[in-house]
Amino acid sequence: MHKYLIVVVGPTGIGKTKVSIEIAKHYKTEIISADSRQIFKELKIGTATPSDEELREVKHHNIASYSIHDYYSSWEFEQDALQLSAELFKTHNQIVLTGGSMMYIDAICKGIDEIPTIDPELRDNLMKLYNEEGIESIRRQLKQLDPDFYMQVDLQNHKRVIHAVEVCLMTGKPYSSLRTNTVKKRPFNIIRVGLELDRDEIYNRINLRVDQMVEMGLIEEAKQFYPSKDLNSLNTVGYKELFAHFDGEYDLDKAIELIKRNTRRYAKRQMTWFKKDTETQWFRPDEITNIISHIDSLMLNCDS
RNA sequence: GGUACCAUAGCUCAGUAGGUAGAGCAAUGGACUGAAAAUCCAUGUGUCCCUGGUUCGAUCCCAGGUGGUACCA
């Protein structure tokens, strides 16, 4: 009997939680979340973390397991998720992986290259340089340290340029030499299920969900973390707009409008990313039966 | 019922001394290998309300309609 990782992807707000619970219940298994913000225990309302009831229905992993003050990235996620899946596959043939964090999904399905974690001081220094002198000085460094990558990177994107430079400085090697461009072998099969709806429907759901978050106390939740607003973990839709509102940049209605807009844009980016994968089979979130039979037929094919 | 004003992009509006049009917001397409709910790039989508008239040519001028708003009855 083979092992299967059932990966459920789709834009934010489309109903991944519900569908993945149904799938997990059907196969009597557990869920690994691939969500870069639900992983923080402090963030509940603004990240639409599954409710206590939902968490009781099916065991979820990688939800509320770190603090917003911890350093966490897709590398840590790859490690965590692989270890977890190995553990779960001892007693299950299927595991459900669900989440909207595109790079986290890739980290477990394809793997990411081994690169050392960047010394925070080094990153701060480069960031300072960027803020003081602009992107040009960072670009110059990259051109010298890794001319190959300089040619392919988006030179307007300071995060990419800075990251390449910090990797070069950290390892003493060109960043491009560490990029293997390979997909890592995994000890399990991957079945990809995508959830989709008409754009209008997704956007309506998002707008509605934001209003519900506000009713549930999103503003109070954000207020609580205002002192830590510069943390990367809080550079998050739903919080950053409220922080700006607390700073007096605009009124509350405007903040809520921006949360809706930025969530919509996030959903669009997710769709662009997920649509690229040609192996994903797409369903409406209410087609549970079809989804299960699709998974069953893929497994049957593989096992025979 | 009368008078006035308005009707242009999804929304709010600008504009054309007559040569089929442009801002803001919203939106759309895309990139993505350790910050990824992050970060970055590109893009104007239009029966200029309808029907006639004048004109080489009308979104613009004229007439009539339709819809809206305000005021007067």
Side-chain angles (χ1 to χ4, degrees), chain A residues 11-13 16 33-40 43 45-49 66 68 70-81 99-120 122-124 126-127 130 135 138-139 149 152-164 166-168 170-171 175-184 199-200 202-203 206-207 209-210 213 218 222 230-243 250 254 257-277:
Chain A
T12 188
K16 291 189 293 294
S33 158
D35 190 301
S36 70
R37 303 295 133 133
Q38 290 179 8
I39 197 139
F40 298 117
L43 310 183
I45 299 171
T47 59
T49 294
Y66 290 88
I68 52 172
D70 294 331
Y71 176 79
Y72 199 80
S73 74
S74 42
W75 172 255
E76 282 74 24
F77 180 77
E78 182 180 349
Q79 308 309 306
D80 284 353
S101 297
M102 304 159 268
M103 205 157 78
Y104 282 26
I105 300 276
D106 269 14
I108 183 153
C109 293
K110 300 178 177 168
I112 49 182
D113 291 323
E114 289 206 29
I115 284 161
T117 298
I118 305 300
D119 177 6
L122 175 60
R123 175 164 289 180
D124 284 353
L126 284 169
M127 205 52 209
Y130 168 68
I135 198 165
I138 313 275
R139 276 187 200 152
F149 193 69
Q152 40 176 299
V153 73
D154 175 0
L155 290 168
Q156 314 269 21
N157 192 329
H158 71 275
K159 284 200 177 187
R160 298 273 157 69
V161 179
I162 288 175
H163 184 240
E166 60 192 15
V167 171
C168 294
M170 198 75 195
T171 60
Y175 176 51
S176 53
S177 73
L178 301 167
R179 286 156 59 91
T180 61
N181 236 325
T182 53
V183 175
K184 288 183 192 165
R199 198 61 70 89
D200 285 356
I202 296 172
Y203 285 1
I206 286 172
N207 296 158
R209 192 176 72 170
V210 171
M213 285 177 178
L218 177 62
D230 293 326
L231 289 173
N232 178 253
S233 52
L234 289 170
N235 186 185
T236 298
V237 175
Y239 298 93
K240 59 180 176 183
E241 297 85 357
L242 287 170
F243 296 152
Y250 36 69
K254 173 84 176 169
E257 210 34 65
L258 286 175
I259 292 172
K260 290 177 181 173
R261 184 198 68 182
N262 291 340
T263 307
R264 274 181 252 136
R265 290 181 175 175
Y266 171 49
K268 205 165 83 62
R269 268 178 277 134
Q270 289 175 303
M271 288 185 266
T272 301
W273 179 290
F274 292 135
K275 284 284 178 187
K276 261 194 313 191
D277 186 279

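A note on names: the letters A, B, ... follow the listed sequences, proteins ahead of strands, and every chain is numbered from 1. Predicted, not measured: the structure shown is a model, and the values here were computed from it.
Nucleotides B:G67 and B:U51 are separated by 15 Å at their C1' atoms, to the nearest Å. Nucleotides B:C48 and B:C40 have their C1' atoms positioned 36 Å apart, rounded to a whole Å. If you take atom C1' in B:A17 and the same atom in B:C61, they sit 12 Å apart, rounded to whole Å. With C1' as the reference atom, B:C11 and B:C56 are 38 Å apart, rounded to whole Å. Nucleotides B:A14 and B:A9 are separated by 12 Å at their P atoms, to the nearest Å. If you take atom P in B:A23 and the same atom in B:G65, they sit 37 Å apart, rounded to whole Å. When the C1' atom is used for both B:U43 and B:A36, the distance is 24 Å, rounded to whole Å. As rounded to the nearest Å, B:U20 and B:U55 have C1' atoms that lie 16 Å from one another.
In this structure, CE on A:M170 lies 11.5 Å from CD1 on A:I115, to the nearest 0.5 angstrom. Here the CZ atom belonging to A:R264 is positioned 8.0 Å from the NZ atom belonging to A:K260, to the nearest 0.5 angstrom. A distance of 5.0 Å separates CD in A:E78 from CD1 in A:I112, rounded to the nearest 0.5 Å. Distance CG/A:L234 to CG/A:L242: 11.5 Å, rounded to 0.5 Å.
Rounded to whole Å, the distance from CE on A:M103 to P on B:A31 is 16 Å. Between the CG atom of A:D200 and the P atom of B:A27 there is a distance of 12 Å, given to the nearest Å. Residue A:K276 contributes atom NZ, which lies 7 Å from atom C1' of B:A31 at whole-angstrom precision. Atom CD of A:E78 is separated from atom P of B:U33 by 15 Å (rounded to the nearest Å). Atom CZ in A:R264 sits about 9 Å away from atom C1' in B:A27, given to the nearest Å. Between the C1' atom of B:U45 and the CZ atom of A:R199 lies a distance of 15 Å, rounded to the nearest Å. Between the C1' atom of B:A26 and the CG atom of A:N207 lies a distance of 12 Å, rounded to the nearest Å. For A:Y72 and B:A35, the OH to P distance is 13 Å, given to the nearest whole Å.
Using Watson-Crick or G-U wobble geometry with both donor-acceptor distances under 3.5 Å, B:G52 finds its partner in B:C62. In a base pair of the Watson-Crick type (N1 to N3 plus N6-O4 or O6-N4) or a G-U wobble (N1-O2 and O6-N3), with each distance short of 3.5 Å, B:A17 is matched with no nucleotide. B:G46: no Watson-Crick or G-U partner with both key distances under 3.5 Å is found in any strand. In this entry B:G10 has B:C25 as its Watson-Crick or G-U wobble partner, both defining distances falling under 3.5 Å. Remark: B:A31 base-pairs with B:U39. Criterion, Watson-Crick or G-U wobble with two distances under 3.5 Å. Across all strands shown, B:A70 forms a Watson-Crick or G-U wobble pair, both distances under 3.5 Å, with B:U3.
Checking B:G34, B:A26, B:U39 against the side-chain heavy atoms of A:R261 singles out B:A26 as nearest. Taking every side-chain heavy atom of A:D113 into account, B:U33 is the closest of B:U33, B:C32, B:G34. For A:R179, the listed nucleotide lying nearest its side chain is B:U33; candidates were B:C41, B:U33, B:C25. For A:Y203, counting side-chain heavy atoms from C-beta on, the closest listed nucleotide (B:C32, B:G34, B:U28) is B:U28. With B:C40, B:U33, B:C32 as the candidates, the nucleotide lying closest to the side chain of A:I112 is B:U33. Of all nucleotides listed (B:G34, B:G29, B:A31), B:A31 comes nearest to the side chain of A:R269.
Across all strands, A:S101 comes closer than 4.0 Å only to sugar-phosphate atoms, never to a base (heavy-atom distances). Residue contacts shown for A:S233 are absent, as no nucleic acid heavy atom lies under 4.0 Å away. Within the nucleic acid shown, A:K268 comes within 4.0 Å of at least one base atom, counting heavy atoms only. Here A:G46 lies in heavy-atom contact (under 4.0 Å) with a base. Looking at heavy-atom distances under 4.0 Å, A:N262 makes no contact with the nucleic acid at all. A:F77 comes within contact range of no nucleotide atom at all, as no heavy-atom separation falls under 4.0 Å. At a threshold of 4.0 angstrom between heavy atoms, the contacts of A:R160 include nucleobase atoms, whether or not backbone atoms are also involved. Using a 4.0 Å heavy-atom criterion, one finds that A:F149 contacts no nucleic acid atom at all. A:D106 comes within 4.0 angstrom of nothing in the nucleic acid, heavy atoms only.
Between A:V167 and A:Y239, the one whose closest nucleotide on RNA chain B sits nearer the 5' end is A:V167.
Ring-plane geometry between A:H158 and A:Y130 is classed as parallel, the angle between the planes falling under 30 degrees on a 0 to 90 degree scale with a further cut at 60.
Between A:T272 and B:G30 there is a side-chain polar atom (N or O) within less than 4.0 angstrom of OP1 or OP2. Residue A:H163 places none of its side-chain N or O atoms closer than 4.0 Å to OP1 or OP2 of B:U33. Side-chain nitrogen and oxygen atoms of A:Y175 include at least one within less than 4.0 Å of the OP1 or OP2 phosphate oxygen of B:G34. One finds a side-chain N or O of A:N232 lying less than 4.0 angstrom from the OP1 or OP2 phosphate oxygen of B:A36. At least one side-chain nitrogen or oxygen of A:R37 sits closer than 4.0 Å to the OP1 or OP2 atom of B:A36. One finds no side-chain N or O of A:R123 lying less than 4.0 angstrom from the OP1 or OP2 phosphate oxygen of B:G34.
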Given the rule in the side-chain contact (heavy atoms from CB on, under 4.5 Å) test, do A:M213 and A:I259 qualify, once you have shown the distances and angles that lead to the verdict? CA-CA 11 Å; A:M213 285 177 178; A:I259 292 172; 5.8 Å; no

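A side-chain contact (heavy atoms from CB on, under 4.5 Å) with A:I162 is found for exactly one of A:I118, A:I135, A:I138, A:N157, namely A:I138.
Few gaps surround NZ on A:K184; more than 12 heavy atoms of other groups in view lie less than 6.0 Å from it.
A:Q270 and A:M102 get closest at one heavy-atom pair: CA-SD, 3.7 Å.
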